[in-house]
2 protein chains.
Amino acid sequence: MYKKKTPTQIFCGLHLFKELLNGKWKLMLIYYVYKEYRRPSQLQKIIPNSDRRVLDKQLNELVLHGFMRKQVFNTKVPKVEYELTDLGKSLIPVILNLEKWGEEHRPDLEIVLKADPKFIDIV
Amino acid sequence: MYKKKTPTQIFCGLHLFKELLNGKWKLMLIYYVYKEYRRPSQLQKIIPNSDRRVLDKQLNELVLHGFMRKQVFNTKVPKVEYELTDLGKSLIPVILNLEKWGEEHRPDLEIVLKADPKFIDIV
DNA sequence: AAATATCCGCATAAAATTATCCGGTATTGC
DNA sequence: GCAATACCGGATAATTTTATGCGGATATTT
């Protein structure tokens, strides 16, 4: 398993957030589980251009870190569902706030992104 | 200059936020500039264990992306000051919200971090 | 029988970010 | 003169994250 080589600093709340929730799809996964897309296959469909293995990894971490619970149903066709823990639910207002900020400033931000040659193509 | 090789997706506000503000110290830099630590040397002092060149790079990006302005004073000893743009200021409530979430959940989050062998040592 | 749907996991490659190693100018204070 | 402060920047190394290439199982639908 991969281990970090650089000491992790958590002297402020921003770091705590960042260390645990920085994954490419993590906030979106939490949001969609909240919105009742609870099953891996549903999540893979609702999140475009995401790879199964990447989502899985992030879901596993979210479970490991206590933001979600994973329920496995041993039905004939295996079924899996995720649900938010209280800690996970506590993030919903934060996520909505971030989302709101992004959408409110989308016009400006899109200009900025398109002006930066680093972002070659934007979808 | 480095260019991304993977198309950047911005179909939701969360992505917009993430693409532009994911840098290790970016939110903290915005916060401290807001708190009147405007000069590079001040920022380098107030942010422990940060490297000058990394902070510089992030500051340059924040300017490039319109969150800050950089003012250069051609005094005998060169002086530089950063200040937030309106776009930068619009992030303050978001940052405070993230910080608040982190601090409110610090006890839980520290346990989680310490339980994860990935984070070998935490400062 | 074949296609589709449900799920899982390891090992490695590639990409992206962060850290470090060099280098530099000019002024102030002792 | 010499140390300290203020500032800047390119090139490369190291770390961390994300993507992909292989593999597997069982059950339902067409």
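By convention in this document, chain letters (A, B, ...) are assigned in the order of the sequence lines, proteins followed by strands, and residues within each chain are numbered from 1. Quantities reported herein were computed from a predicted structural model and do not represent experimental measurements. Just so it is clear, the values below take in all heavy atoms, side chains as well, and ignore hydrogens, waters and symmetry mates.
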Lys/Arg cation over aromatic Phe73(B): Lys79(B), 6.0 Å, 45° cone:
yes
Taking the six-membered ring for Trp, are Trp101(B) and Phe17(A) parallel (under 30°), tilted (30 to 60°) or perpendicular (over 60°)?
perpendicular
Closest non-hydrogen atoms of His15(A) and Ile10(A), given as atom of the first, atom of the second and distance, are CB-CA, 3.8 Å
If you look at every heavy atom in Gln44(B) and Ser50(B), which pair is closest and at what distance?
O-OG, 4.1 Å
Do Lys4(A) and Phe119(B) form a cation-pi contact, if we require the NZ or CZ to be under 6.0 Å from the six-membered ring centre and within 45 degrees of the ring's axis?
no
Taking for each residue the nucleotide of DNA chain C bearing the nearest heavy atom, is the 5' side occupied by Thr6(A) or by Ser41(A)?
Ser41(A)
Lys100(B), NZ atom: more than 12 neighbouring heavy atoms under 6.0 Å
no
Can you sort out which residues in residues 20-34 of chain A have a heavy atom within less than 4.0 Å of DNA chain C? Ascending by number, please.
none
Classify Pro40(B) by what it touches in the nucleic acid, base, sugar-phosphate, or nothing, heavy-atom distance under 4.0 Å.
sugar-phosphate
Are the side chains of Lys57(B) and Arg53(B) in contact, using a 4.5 Å heavy-atom criterion?
no
For chain B, the stretch of DNA chain D it reaches, first to last nucleotide, under 4.0 Å of its heavy atoms:
dA6(D) to dT17(D)
Can you get from Val94(B) to Ile92(B) by hopping between Ile, Leu, Val, Met, Phe, Trp and Tyr side chains that sit under 4.5 Å apart?
yes
Contacts of type side-chain hydrogen bond (donor to acceptor under 3.5 Å, both in side chains), residue Lys26(B), not counting sequence neighbours
Glu61(B)
Give me the first and last nucleotide of DNA chain C, going 5' to 3', that has any atom under 4.0 Å from a heavy atom of chain A.
dT6(C) to dT17(C)
In residues 50-57 of chain B, which ones come under 4.0 Å of DNA chain C, going by heavy atoms?
Asp51(B), Arg52(B), Arg53(B), Val54(B), Lys57(B)
Heavy-atom side-chain contact between Val54(A) and Lys24(A) under 4.5 Å
no
Side chain to side chain contact (heavy atoms under 4.5 Å, CB included) between Gln42(B) and Ile46(B), intermediate numbers included
CA-CA 6 Å; Gln42(B) 293 176 314; Ile46(B) 199 77; over 6 Å; no
Closest-nucleotide ordering on DNA chain D, the 5'-leading residue of Pro7(A) and Asn60(B):
Asn60(B)
Applying a 4.0 Å non-hydrogen cut-off, can you work out what Gln58(A) is touching in the nucleic acid: base, sugar-phosphate, or nothing?
sugar-phosphate
List the atom pairs, with distances to 0.1 Å, where a side-chain N or O of residues 33-40 of chain A and a protein N or O form a donor-acceptor pair under 3.5 Å, not counting sequence neighbours.
unit_1   : atom_1 : unit_2   : atom_2 : d
Glu36(A) : OE1    : Arg38(A) : NH2    : 2.8

When clusters are formed by joining ILVMFWY residues with side-chain heavy atoms under 4.5 Å apart, either directly or through shared neighbours, do Met68(B) and Leu64(B) land in the same one?
no
